[in-house]
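Chain identifiers are assigned alphabetically (A, B, ...) following the order of the sequence lines, protein sequences preceding nucleic acid strands; residue numbering begins at 1 within each chain. What you see is a predicted model; the values in this text were computed from it and never measured.
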4 protein chains.
Amino acid sequence: MKTETAPPFVESHSPRATGRPRDEGVHRAILDAAYAILVEVGLKHFSIDAVAAKANVARTTIYRRWPDKMQLMNESFLRAFEPTLEFSSTHSPRDDFRALVISLARTLNGPNGRIAASVVAQAQSDPKTQEMFLKNFSEPLRKHSTALLQAGIDKKEFREDLNIARILDAAVGAVYFRLLFGQSTGPAWAHQLVDTLLEGCYRKDGQ
Amino acid sequence: MKTETAPPFVESHSPRATGRPRDEGVHRAILDAAYAILVEVGLKHFSIDAVAAKANVARTTIYRRWPDKMQLMNESFLRAFEPTLEFSSTHSPRDDFRALVISLARTLNGPNGRIAASVVAQAQSDPKTQEMFLKNFSEPLRKHSTALLQAGIDKKEFREDLNIARILDAAVGAVYFRLLFGQSTGPAWAHQLVDTLLEGCYRKDGQ
Amino acid sequence: MKTETAPPFVESHSPRATGRPRDEGVHRAILDAAYAILVEVGLKHFSIDAVAAKANVARTTIYRRWPDKMQLMNESFLRAFEPTLEFSSTHSPRDDFRALVISLARTLNGPNGRIAASVVAQAQSDPKTQEMFLKNFSEPLRKHSTALLQAGIDKKEFREDLNIARILDAAVGAVYFRLLFGQSTGPAWAHQLVDTLLEGCYRKDGQ
Amino acid sequence: MKTETAPPFVESHSPRATGRPRDEGVHRAILDAAYAILVEVGLKHFSIDAVAAKANVARTTIYRRWPDKMQLMNESFLRAFEPTLEFSSTHSPRDDFRALVISLARTLNGPNGRIAASVVAQAQSDPKTQEMFLKNFSEPLRKHSTALLQAGIDKKEFREDLNIARILDAAVGAVYFRLLFGQSTGPAWAHQLVDTLLEGCYRKDGQ
DNA sequence: CCCTAACCGAGACGGTACGTCCCGTCTTTTT
DNA sequence: AAAAAGACGGGACGTACCGTCTCGGTTAGGG
């Protein structure tokens, strides 16, 4: 009877067994170009031709790595937001939550905001983009936030019956809505938002 | 250089005295077709050709009335949401607010939600669409909601220092975020959302 | 008194009932450009892009009129050879035949020869081209030649059992073979060819 | 005393003394694949990729041996027609000539005909192919045929002033023309052709 | 018996051209 | 004038091959 447990963390995609290896610089150049175009001239002028020209790369080279425009944009988005996912954890749940929301708001207030908005727009006509956004970006953040708020409950700081999911819907939704309609999500605004939301989180008794 | 853009809502003074008058039925047929296409096959396949074909109308006829694709979509959106703007007012501010949010959530949960999502997507590369959405749709709703919540404060039902604007950011943002990412905004969810938000609105004393 | 005879040669395809009529100058410009490219730089560099550029026309305009490269080339060929189909008829069958072969040889010896060679090449991977060549170019010429040689038989100038089809195979084949392999088909050569072929056509008796 | 066995002039046809020798089987596999593709799916789908796939060989391996597509096709053609060049010689010039033409017609009537037609097509945009065809295929056959007809003259079987070159132009041209336009060159047809041509070759006196 | 140069597979890369889909403008006839 | 029909210039799409260029892994012969 072979239990035959597969090795726990094997990367199944054997990276490169044969053939000329891909030029990593090209990869970077393309993503950089894609990022720059999205930020500078926007979604409407984001075309494979434009990216290829800006990256000094043949159009075919792009198609060799990404099946279409949308996938390229998705990866461009992911790369732009990868370093963003550093969550700081302190003692205080409310401070952590505040920091998290403000961090999100600040990020989306900068150039990366244009990328995120483009991705959201694209997601309206591309299920893959939608899925990517949720799975690779939204859910991790949500998972972390949930834990954070739960800690607040455990510490008796927040109400026991707090509906964590809705608080997060509200916080994240508010930030995105303003992003999508050209309204800044600066620190002052973000502070107000968090304060307002936290107000409903505390315990009614002696606080 | 004929700009020739007829205003969406005809002013009372008729500028032309001669020539064949515009067929009003054609106007409706086009908007109906635009609506149907957006709802049925989505933003990606929304093209002037498709609308013209579905409306049994020549492409020229569309361009005579709308300067481009985007304006047509905008008007299609406005028409779809015009009858939605019925606000019911009862005695209780909290019930009114609840009703309002649930009404918005329900509307966006139906076929009209696809239109709204398309408009939001388009707004990312078209300032005019953004402006239209804010001015003709978002602001009226916001104005009404603000009054509603203010009434709650005046009635001493809500905290005096309630940040109305942020509560609305949160409520509206949450609904749109879920709309944009394919998550339903059904009544149960909407109820939870409102309950959670209201929790932070009440006065701390005996309520 | 109007006898009202229907026009003898009505084109059944109602040419253009509605819509903006096609610009005939564009048609000419495209065919001219196609012709020039085939003659000057040859089949290998004959591309839709090149033709469009030379004709100062959008690529799409070409595709609106011809389904693909090959059909364009075919029409270019037909137009180049249309004025060639003037057959002169004198009293003497042998002179007529001689004139015909020499005429064909001379035509193919000039710039039009490059077009014809390109068409023959293309016919090897496109049945439509093959059919077009045979039906619109080869057969008319063959039909006329057959009549011509038959007249020679009727006049007792040629042998009664003359195999007209084979004589034509030989004459036409010889000209094309030389065309296809870069050997000139000048008048001297053509004369020799015809003389040689005619030698087998005469009656054996006192002639 | 130096033995100095260094070869005075290096033979050009032994370029490498070291390294892994080329696999002869690969050479055959490639040419077989090229032949098969040309015969089965035609010139249009004859691509290096297709040949490589069919031969189970890397594209590089092909390019190491042939500079480009055209040269590969040329060699494929030559190999296909190499064994064809067996000329049978009997006593009778007219029979030999007849046999020769029929043999050519029969060969081109079979699968090899597709190769030959492809080569002729390619020759229209590649001088090297043209030269190859003439030098390696056409001329040897022509040289042999010329000798054969000359023998007929010498034997007083054919006319003294017979224009051998034109007779050959006619015979070969006729066969190729039919090949290039999808008309069979079967034995019956070939017989008729030869008979017709021979008719003009005989002496006028008592034969 | 190992060294080494060439072979072989695989595939990246810069390119060219293809044929398609829309865009928004224009030109013409019919109503 | 409006309306239908469709030509036109143009931009971008994604695909198919071209011929060149690295790679890692394999074979023989020559030292």
Side-chain angles (χ1 to χ4, degrees), chain A residues 16-24 26-27 44-52 56-70, chain B residues 1-2 4 6 15-23 26 44-50 52 56-70, chain C residues 16-24 26-27 44-52 56-69, chain D residues 15-23 26 44-52 56-70:
Chain A
R16 196 121 307 282
T18 175
R20 173 174 170 180
R22 290 192 173 172
D23 186 336
E24 225 179 297
V26 163
H27 205 83
K44 190 138 85 194
H45 302 100
F46 176 78
S47 73
I48 295 287
D49 291 81
V51 174
N56 268 317
V57 144
R59 261 156 42 75
T60 42
T61 298
I62 298 181
Y63 280 112
R64 210 167 280 122
R65 293 157 185 259
W66 294 275
D68 55 34
K69 219 170 104 143
M70 301 189 167
Chain B
M1 193 200 294
K2 299 195 300 182
E4 205 16 338
R16 55 181 168 59
T18 176
R20 174 174 169 180
R22 286 192 177 170
D23 186 339
V26 162
K44 188 138 85 199
H45 301 99
F46 177 78
S47 72
I48 294 287
D49 290 80
N56 269 317
V57 142
R59 273 155 22 84
T60 332
T61 302
I62 298 180
Y63 280 111
R64 200 172 290 114
R65 294 155 189 260
W66 293 275
D68 57 34
K69 216 169 103 148
M70 295 178 169
Chain C
R16 196 121 308 282
T18 177
R20 173 175 170 180
R22 290 193 173 171
D23 185 337
E24 223 179 300
V26 163
H27 204 84
K44 189 139 82 197
H45 301 100
F46 177 78
S47 73
I48 296 286
D49 291 81
V51 174
N56 267 318
V57 144
R59 263 156 38 77
T60 40
T61 298
I62 298 180
Y63 281 112
R64 210 168 280 121
R65 292 156 186 261
W66 294 273
D68 57 34
K69 219 170 103 144
Chain D
R16 58 189 161 59
T18 177
R20 175 175 171 179
R22 289 192 175 168
D23 185 337
V26 162
K44 189 139 82 198
H45 302 99
F46 177 78
S47 72
I48 295 288
D49 290 80
V51 173
N56 270 317
V57 142
R59 271 154 24 83
T60 332
T61 303
I62 297 180
Y63 280 111
R64 199 171 290 115
R65 294 155 189 260
W66 293 275
D68 58 33
K69 216 169 101 147
M70 296 178 169

Peer 1: Pick the nucleotide of DNA chain E nearest each of C/Arg59 and B/Lys69; which residue has the one closer to the 5' end?
Peer 2: C/Arg59
Peer 1: Nearest to the side chain of A/Arg64, heavy atoms from C-beta on, is which of F/dA5, F/dC13, E/dA12?
Peer 2: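 In terms of side-chain proximity for A/Arg64, the closest of F/dA5, F/dC13, E/dA12 is E/dA12.
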Peer 1: Can you tell me if A/Arg65 and A/His27 form a side-chain donor-acceptor pair at under 3.5 Å?
Peer 2: yes
Peer 1: Take the protein atom OH of D/Tyr63 and the nucleotide atom P of E/dG11, then report the distance between them rounded to whole Å.
Peer 2: 17 Å
Peer 1: Side chain of C/Asp23 only, heavy atoms from C-beta on: which candidate in F/dC8, F/dG6, E/dG24 is closest?
Peer 2: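 Among F/dC8, F/dG6, E/dG24, the one nearest the side chain of C/Asp23 is F/dC8.
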Peer 1: Between F/dG9, E/dA10, E/dA17, which nucleotide has the shortest distance from any of its atoms to the side chain of C/Asp49?
Peer 2: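 Nearest nucleotide to the side chain: E/dA17.
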Peer 1: What pair of heavy atoms forms the shortest contact from B/Met70 to A/Lys44, and how long is it?
Peer 2: CE-NZ, 3.5 Å
Peer 1: If only side-chain N and O atoms of D/Arg65 are considered, is one of them under 4.0 Å from the OP1 or OP2 phosphate oxygen of E/dC8?
Peer 2: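 Affirmative; the distance criterion is met.
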Peer 1: Locate the shortest heavy-atom distance separating A/Ala50 from A/His45; write the atom from each residue and the value.
Peer 2: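 So the minimum-distance heavy-atom pair works out to CB-O, 4.0 Å.
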Peer 1: Return the nearest nucleotide to the side chain of B/Thr60; candidates are F/dC23, E/dG24, F/dA5.
Peer 2: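 Nearest listed nucleotide: F/dA5.
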Peer 1: E/dT25 C1' sits how many Å from B/Ile62 CD1, rounded?
Peer 2: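 In whole Å, E/dT25 C1' lies 15 Å from B/Ile62 CD1.
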Peer 1: Could you state the atom-to-atom distance from CE of D/Met70 to C1' of F/dC17 in whole Å?
Peer 2: 13 Å
Peer 1: Tell me whether the side-chain N/O atoms of C/Thr61 come closer than 4.0 Å to OP1 or OP2 in F/dA7.
Peer 2: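 For F/dA7, neither OP1 nor OP2 has a side-chain N or O of C/Thr61 closer than 4.0 Å.
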Peer 1: For D/Asp68 and D/Tyr63, which heavy atoms make the closest approach, and how far apart are they?
Peer 2: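 What the structure gives for the nearest pair is CA-CE2, 4.4 Å.
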Peer 1: Measure from NE2 on D/His45 to P on F/dC18 and round the result to the nearest Å.
Peer 2: 12 Å
Peer 1: With a non-hydrogen cut-off below 4.0 angstrom, is A/Ser47 in contact with a base, only sugar-phosphate, or nothing?
Peer 2: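 Sugar-phosphate: the residue A/Ser47, judged by heavy atoms under 4.0 Å, touches backbone atoms but no base.
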Peer 1: I'd like to check A/Arg64 versus A/Thr61 (side-chain heavy atoms, cut-off strictly below 4.5 Å). Are they in contact?
Peer 2: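 Yes, close enough: below the 4.5 Å cut-off.
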Peer 1: Quick one: is F/dC23 close enough that its OP1 or OP2 comes under 4.0 Å of any side-chain N or O from A/Arg22?
Peer 2: no
Peer 1: Rounded to whole Å, how long is the line connecting atom CG of D/Asp68 with atom P of E/dT16?
Peer 2: 18 Å
Peer 1: On DNA chain E, nearest-nucleotide positions of C/Ile48 versus D/Asn56: which is more 5'?
Peer 2: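 With C/Ile48 and D/Asn56 compared, the 5'-side residue is D/Asn56.
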Peer 1: Quick check on F/dT27: is either OP1 or OP2 less than 4.0 Å from any side-chain nitrogen or oxygen of D/Arg20?
Peer 2: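 True: D/Arg20 side-chain N/O within range (under 4.0 Å) of F/dT27 OP1/OP2.
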